[in-house]
Amino acid sequence: MQRVATPEGTKALLNKYGFSFQKKFGQNFLIDPRVLDKIIDAANITKEDCVIEIGPGIGSVTQALLENAGKVISIEIDDKLIPILTQEYGHNEHFKLIHKDVLKVDLKKLIAEESPNRPIKVVANLPYYITTPIVMTLLENDLPVESITVMVQKEVADRLASKPGSKQYGAITVSVNYFAEPYLVANVPRNCFMPRPNVDSAVIKLTVNQNPVVKANNTKQMFNIIKAAFLLRRKTLLNTLAAHANLGLDKEELKRLLDESGIGAQTRGETLSLEDFARLSDYIDEYRSDK
Ligand code: SAM
């Protein structure tokens with residue numbers, strides 16, 4: 001069977017079904033088989049695995065996943081793609097197609113029903129307009145997912161793999177680092193897609209931590225602090241936490257705690273590591289319980 005992830009393969013399927021792209025769904029189909037090979041290699045898929053694919057499109061990635069995995073569950077929102085995917089791949093007994101918005105799917109239930117015993121890996125060329133909610137949903141909900149290998153906007157990949165103090169470092173970097181270890185697999189130029197997007201892309205692999213890399217007593221509070229710390233970039237931690245973190249402390253108390261914890265009230269949030277945020281959150285907790 002002709003590979004879909006080539007310019008000819010994609011054009012042939014588009015013509016066969018008279019499909020036209022919908023910009024609102026972030027549809028940029030992969031047409032470079034070398035990039036596809038890199039995704040499949042990096043995801044390290046075996047016949048033991050169940051792969052969840054978000055946004056199969058016309059099946060450019062799905063086709064290779066079906067050759068390599070034991071089971072593939074693809075979730076697609078676009079009505080017009082469902083008959084194409086059903087016609088082209090529906091005969092494969094290892095393929096399950098879900099016609100839904102991925103953000104409305106109960107993934108825990110889906111995994112329990114469809115593949116309770118196989119290791120779960122997520123592989124996708126993501127719709128860029130909802131990259132962050134998809135990645136955070138996959139990480140935050142305690143799903144039995146081993147790894148997430150995804151095509152994202154280059155700027156997002158750089159953010160996820162950035163270090164404290166750099167321009168790209170942000171709340172999303174720290175939050176993702178809490179759950180997983182990011183690895184930049186490959187940069188992908190815009191001519192690898194049809195239609196050609198306005199941005200460059202990259203494949204990133206997030207290997208989900210089986211044990212937390214840091215342990216904060218109150219993770220909800222820690223994430224509140226992280227979010228607030230990056231809201232006002234270039235402002236001191238004291239100013240941004242006092243304004244946005246809702247810690248129930250007055251500014252004087254907060255200043256003292258920041259200094260005493262060794263973090264420093266004049267520090268800027270973007271220089272703190274995940275470990276620093278956990279330490280600060282625990283320090284605030286201890287202060288409250290001693291009060
Ligand atoms: N996997 C295909 C490929 O690599 O050629 C298509 C990738 S395209 C960048 C993103 C896909 O996600 C499209 O098929 C689009 O219709 C689908 N999509 C967009 N929003 C979605 C959502 N909320 N839930 C599920 N699929 C979605």
Side-chain angles (χ1 to χ4, degrees), residues 2-17 19-43 45 51-69 72-89 95-107 110 121-138 148-157 185-186 188-204:
Q2 189 179 28
R3 284 193 110 181
V4 182
T6 57
E8 310 74 50
T10 294
K11 275 187 207 145
L13 271 190
L14 295 179
N15 289 337
K16 179 172 170 188
Y17 292 97
F19 178 80
S20 36
F21 295 101
Q22 294 229 56
K23 217 173 169 184
K24 68 171 179 186
F25 290 139
Q27 291 176 342
N28 299 96
F29 295 169
L30 183 64
I31 54 166
D32 188 320
R34 288 161 306 177
V35 174
L36 176 59
D37 290 344
K38 282 187 195 164
I39 297 174
I40 300 294
D41 278 357
I45 297 158
V51 175
I52 297 184
E53 185 196 15
I54 296 153
I58 53 169
S60 319
V61 181
T62 325
Q63 190 182 36
L65 293 174
L66 284 166
E67 285 163 14
N68 290 280
V72 178
I73 305 173
S74 298
I75 305 168
E76 175 58 59
I77 195 170
D78 186 355
D79 305 348
K80 302 225 164 51
L81 288 167
I82 301 304
I84 305 179
L85 290 160
T86 307
Q87 172 78 25
E88 296 294 320
Y89 315 98
F95 181 54
K96 172 92 188 176
L97 180 61
I98 310 275
H99 179 200
K100 228 171 167 175
D101 175 349
V102 64
L103 296 176
K104 297 195 176 134
V105 175
D106 181 341
L107 291 167
L110 177 70
K121 292 173 179 167
V122 174
V123 179
N125 173 13
L126 288 179
Y128 293 172
Y129 73 105
I130 43 169
T131 301
T132 304
I134 293 177
V135 170
M136 291 318 291
T137 299
L138 291 169
I148 302 166
T149 307
V150 281
M151 181 85 71
V152 295
Q153 210 174 312
K154 168 97 177 71
E155 192 194 310
V156 174
V185 176
V188 182
R190 41 194 99 179
N191 59 6
C192 296
F193 303 90
M194 188 187 293
R196 204 178 130 112
N198 294 328
V199 292
D200 286 322
S201 300
V203 178
I204 194 152

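Start at 1 with the first residue, then count along the sequence. All figures in this text were calculated on a predicted structure; none of them were measured in a lab. Atoms within each ligand, like the ligands themselves, are counted from 1 in listed order.
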Apply the test salt bridge (Lys or Arg N to Asp or Glu O under 4.0 Å) to residues Lys38 and Asp32: give CA-CA distance (whole Å), side-chain angles for both, the deciding distance (0.1 Å), then the verdict. CA-CA 10 Å; Lys38 282 187 195 164; Asp32 188 320; over 6 Å; no
If every non-hydrogen atom of Pro56 is compared with every non-hydrogen atom of Leu97, which pair is closest and at what distance? CG-CD1, 4.4 Å
So if I only count non-hydrogen atoms and take anything under 4.0 Å from ligand 1, which residues does that give, chain by chain? Phe25, Gly26, Gln27, Asn28, Phe29, Leu30, Glu53, Gly55, Pro56, Gly57, Ser60, Val61, Ile75, Glu76, Ile77, Asp78, Leu81, Lys100, Asp101, Val102, Asn125, Leu126, Pro127, Tyr129, Ile130
Distance-minimising heavy-atom pair for Ile54 and Ala124: O-CB, 3.5 Å
Indicate yes or no for a side-chain donor-acceptor contact from Glu76 to the backbone of Glu53 under 3.5 Å, with no hydrogens or angles considered. no
To check you understand the geometry: which heavy-atom pair defines the closest contact between Pro189 and Asp200, and what is its length? CA-OD1, 3.8 Å
What are the two closest heavy atoms between Phe193 and Asn125, and how far apart are they? CE2-ND2, 3.8 Å
